[in-house]
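Below, read A as the first sequence line, B as the second, and so on, with proteins coming before strands; counting in each chain starts at 1.
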There are 4 protein chains.
Amino acid sequence: MRQKDENKREAIYQSALELITTEGLTGASMAKIAKKAHVSPATIYIYFENKEDMLNKLYLMIKGELSDYIFRDYHNDLSITEGMKLYMKSLFHFMVSHPFHLSFHEQFYNSPVIKQEVKEEAMAGYTPLFNLYEQSYREGLVKIPLLELAGVYLTSPIMDLAKLHRSGAIEVNEEVLNEALEMSLRAIMG
Amino acid sequence: MRQKDENKREAIYQSALELITTEGLTGASMAKIAKKAHVSPATIYIYFENKEDMLNKLYLMIKGELSDYIFRDYHNDLSITEGMKLYMKSLFHFMVSHPFHLSFHEQFYNSPVIKQEVKEEAMAGYTPLFNLYEQSYREGLVKIPLLELAGVYLTSPIMDLAKLHRSGAIEVNEEVLNEALEMSLRAIMG
Amino acid sequence: MRQKDENKREAIYQSALELITTEGLTGASMAKIAKKAHVSPATIYIYFENKEDMLNKLYLMIKGELSDYIFRDYHNDLSITEGMKLYMKSLFHFMVSHPFHLSFHEQFYNSPVIKQEVKEEAMAGYTPLFNLYEQSYREGLVKIPLLELAGVYLTSPIMDLAKLHRSGAIEVNEEVLNEALEMSLRAIMG
Amino acid sequence: MRQKDENKREAIYQSALELITTEGLTGASMAKIAKKAHVSPATIYIYFENKEDMLNKLYLMIKGELSDYIFRDYHNDLSITEGMKLYMKSLFHFMVSHPFHLSFHEQFYNSPVIKQEVKEEAMAGYTPLFNLYEQSYREGLVKIPLLELAGVYLTSPIMDLAKLHRSGAIEVNEEVLNEALEMSLRAIMG
DNA sequence: CATGAATGAGCCTTCATTCAT
DNA sequence: AATGAATGAAGGCTCATTCAT
């Protein structure tokens, strides 16, 4: 018996990702994904239960790639300031250098297609950062007690800047990005 | 000759809005929208050219309602601080009290379905605020020269807080909201 | 009470005729016909019972115009040879100078849309010619007893030549036409 | 993997053919054709690109069956007289014994649905006859130099006689048919 | 495991026709 | 008489999924 071919799974992921970002969810039919991946439609159902399952797993994979990227240079000796800056910088550079991931993220972050539990599972990768933040709050280094509120100011503006950069509306160079980092830090640290 | 019935147009808008937010764009078929609006599918095509046209006009209407709401209490004597606070507060309360609009906005803000020109048309409602900001920058009252960057810190966190509130992840009461307003002001005003 | 406006009926006929010939029966919807005639779809139903009725009456009108044209120069002193030549020449020139009528005729001559009784009614205009032929047969001037068989050789080749001429496949000038007339006469008169 | 089932393709052809002849092009919807062929509408699109493609291929198939039939008994030793008679007789008998083909032919011979290139491709089957005719003209055996003109007198009257026979307007028995053959030969050979 | 064939349900849109003014 | 609004049915076609090899 042959084994499941990870190249095929990967080709399906990649084809789905590209089609969704170029043609939107509506234009990404299973038939088109299959054709782009040089695979039969039926083959997709060997690797995934159905379309919803495929999209959720794709979401998880992309979120995993993102957290891998962010934690590449992370280590436990980072100060809270360094940690937050590293997070924001990595998030921005990842999104700018992975336009498909950015598009996918914006289409699915609020989509009813992605199940709640999957979103939560994707959050698990960020535990070290959460721990660092809460430790820092107890030490009085940051001003905002509510983790989620701080998280919003670390994430939302960065994502939106990446989108603005991609669309060409403004050029977010290192200078602008650094200004944004300072703004977020100001917001959170007082 | 019968007159066009504006109640019908309104019913179509409302049905589309609700279906999109509950079932996503994919699930909001013209047939379902028609049925929910107690109207024939063919009738939709009297009011709109096609589905894309309907969605764009719906987008425009919703954006209009939002800017109407935001500028309800706006007047030209507001200070920049007051102006920014009013904008953020109105944005938050509108979104929290109009859950369909919030869902619609998050599904379409980055969707390729909405045409660029329509997005730009929707921005036109905010000119007074833009002018106030740029005037304030020239007077040294705000720190960030880039209007778009300031706009990001005024908008993105508020939208995301509204989503977090709706989802139940955190309860964004007046206290939390006020804290967020201060965070944004700190970010922008230094 | 207003009277039915013959200009409107005429405009409807003309629009239907043109649409059918340019876009085929499938493309000639009542809505398109109405728009082209600068009339409401509902107005068409004042002048005609339904689409089928309209098409049948259009068929009758066109056939009438054709027989009017053919019998313009007809008179009772014509010899059988002259009569047949006049018929064929008129048929050819009418079709070549009325391309819409030609197209319409070829689409509807064998269509199940046109009712049998209507086709028969349209034949009534040709009685003088039929009488002349049968009289001539009794006098031994023509060889073929079967009127329908003679009719076929007078009509089918001429219609097909008109189509070939219109399509540009061959140029049917007076010389070629005259040769065709002789061929038909040879066939019929021996 | 399943193989394409040629019985299905054949069933689709047959159903389309019958529906078109009984209900006309307008009445022959893809859904009706599918149902008559005991096949899903989607299946038709496995065998054909779209409706237009299906009709063109059906046209080609029918024209092929016709030329196969006509050239069944054809051989290179036939005289021009024999060749023309064989052609006309075969054409007539094929049409009379294949009423669906006759109906289809008359509806599509002049239809804009059939593409020019397809019509030309269908003509290719008759080359031997064309060659024979032109050879005979050079030998002085036939009087008409224009191949298309001769072709018209060999084809149009026969087709129309088949239609008259089918409709019951006249009974075209062997005697009548033979008379027609003589008429066409007289027309062409002088 | 892998496939192309096959499918019923559903897609968006337009149809011929009628309604209400 | 004339109209634009309104409609249920149907149009061609594609969908996510399963079948049979």
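Within the structure, a side-chain polar atom (N or O) of A/Thr43 is placed less than 4.0 Å from OP1 or OP2 of E/dT3. Residue D/Tyr45 places none of its side-chain N or O atoms closer than 4.0 Å to OP1 or OP2 of E/dA5.
Taking atom CZ on D/Arg9 and atom P on E/dA5, their separation rounds to 10 Å, with Å as the unit. Taking atom CD on A/Glu23 and atom P on F/dT14, their separation rounds to 13 Å, with Å as the unit. Taking atom CD1 of residue A/Ile44 and atom C1' of nucleotide E/dG4, one finds them 13 Å apart after rounding to whole Å.
Residues satisfying the ring pair (Phe, Tyr, Trp, His ring centres under 6.0 Å) test with A/Phe108, not counting sequence neighbours, are A/Phe104. C/His105 is linked by a ring pair (Phe, Tyr, Trp, His ring centres under 6.0 Å) to C/Tyr109, counting only residues two or more places apart in sequence or in another chain.
Closest of all the heavy-atom pairs between C/Ala11 and C/Ala37 is O-CB, 3.7 Å.
When distances are taken from the side chain of A/Lys8 to each of E/dC19, F/dT14, E/dA2, the shortest belongs to E/dA2. When each of E/dC1, E/dT7, F/dG4 is scored by its nearest atom to the side-chain atoms of A/Ile46, the top-ranked nucleotide is E/dC1. The side chain of C/Ala42 has E/dC19 as its nearest neighbour among F/dC19, E/dC19, F/dG8.
For the residue pair A/Glu10/A/Gln14, the side-chain donor-acceptor check at 3.5 Å is not satisfied.
Listed by first residue number, the stems of DNA chain E with at least three Watson-Crick or G-U pairs below 3.5 Å are E:2-21 with F:2-21.
Projected onto DNA chain F by closest heavy-atom contact, A/Ser40 and B/Lys4 fall at different nucleotides, the more 5' of which corresponds to B/Lys4.
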Legend entry - Audit row: B/Tyr47, B/Thr43, side chain to side chain contact (heavy atoms under 4.5 Å, CB included) steps and yes/no: CA-CA 7 Å; B/Tyr47 293 86; B/Thr43 302; 3.9 Å; yes
Legend entry - Worked verdict on C/Ile44 versus C/Lys51 for side chain to side chain contact (heavy atoms under 4.5 Å, CB included): CA-CA 9 Å; C/Ile44 301 182; C/Lys51 192 176 187 180; over 6 Å; no
Inset, instruction - Check step by step if side chain to side chain contact (heavy atoms under 4.5 Å, CB included) holds for D/Lys115 and D/Glu52. - result: CA-CA 9 Å; D/Lys115 292 191 283 191; D/Glu52 186 191 348; 3.7 Å; yes
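Here the NZ-CG distance, from D/Lys63 to D/Leu60, works out to 10.0 Å after rounding to the nearest 0.5 Å.
Residue pairs meeting the ring pair (Phe, Tyr, Trp, His ring centres under 6.0 Å) criterion with at least one member in residues 2-21 of chain D, sequence neighbours excluded: D/Tyr13-D/Phe48.
Sorted by residue number, the list of members of residues 25-39 of chain A with any non-hydrogen atom under 4.0 Å from DNA chain E is empty. Only B/Asn50, B/Lys51, listed by number, bring a heavy atom of residues 48-60 of chain B to less than 4.0 angstrom from any atom of DNA chain E.
For B/Lys4, the NZ atom sits in a packed shell: over 12 heavy atoms of surrounding residues, nucleotides or ligands are nearer than 6.0 Å.
Although no hydrogens or angles enter the test, the distance criterion places no donor-acceptor pair under 3.5 Å between the side chain of D/Asn56 and the main chain of D/Lys119.
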